[in-house]
Amino acid sequence: SIYLTAAPDMRATLLSAVEGTVDVTGAASYTLDSVLASTAAGATGHFIAQTTGPGTLTVGTATGRGTLRLLAADSVSFGSLTSLALAGDPGDVIVTAGDGAILGGSITAYGGVTLTAGANLPVGSPLAANAKITGTGNIASSTFITLSARGQIDWETLNAATTIDVTSTDGGARVGT
């Protein structure tokens, strides 16, 4: 397993713990180009990346067994996120941007997908328009997809087995297909 405290503006090209957990926490912005967490058969770890203070989290690709969590005080951007089956874990993908936006590529989730932008902004905040969700790829879920933003939501393709919920409190929403 890998438990890492990220230095401000750190860039990691590969974090690989195929039998265990990858857990990264930083007080400021950092970038993870590629993450493999608990991808081996029978592995039981997880992948969590978060900023605890002002900062942006950038993830290129991440694949992990069980739930994947990306949490940033400001914005989150990612290329590709994949959650695999794990007994006793829903295999969800959860991405939260406290004061900023989510800019994504594609997500394949064994479980559900929840993207939340502007989670920390008070009602009437002038920053609400910046708290948007934008995606150029496909989100595929074996259960549900929930996109919730203070600002505009614009995602290319959503594909869920049960429910799709898209809510923008201070902007509009567009889904390609």
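Side-chain atoms are counted along with the backbone in the values below, which use heavy atoms only and exclude waters and symmetry mates.
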Passing option when L115 is tested against I145, V95, T96 for side chain to side chain contact (heavy atoms under 4.5 Å, CB included): V95
Is a donor from one side chain sitting under 3.5 angstrom from an acceptor on the other, for D33 and T13?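 Their side chains do not contain a donor-acceptor pair, so the 3.5 Å distance test is not met.
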Just checking, is any N or O donor in the side chain of D165 or T167 under 3.5 Å from an acceptor N or O on the other one? yes
Backbone of [Y] reached by a side-chain donor or acceptor of [X] within 3.5 Å:
| X | Y | value |
| --- | --- | --- |
| R65 | A40 | yes |
| R150 | P122 | yes |
| T51 | G26 | no |

Do [X] and [Y] have side-chain heavy atoms sitting under 4.5 Å apart?
| X | Y | answer |
| --- | --- | --- |
| L4 | M10 | yes |
| V35 | T61 | no |
| T82 | L68 | no |
| F78 | L57 | no |
| W155 | T157 | no |
| V166 | L158 | yes |

Verify the neighbour count for atom CZ of R174: are there more than 12 heavy atoms of other residues, nucleotides or ligands below 6.0 Å? yes
What distance do S38 atom OG and H46 atom NE2 have between them, rounded to the nearest 0.5 Å?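 Output value for this atom pair is 9.5 Å.
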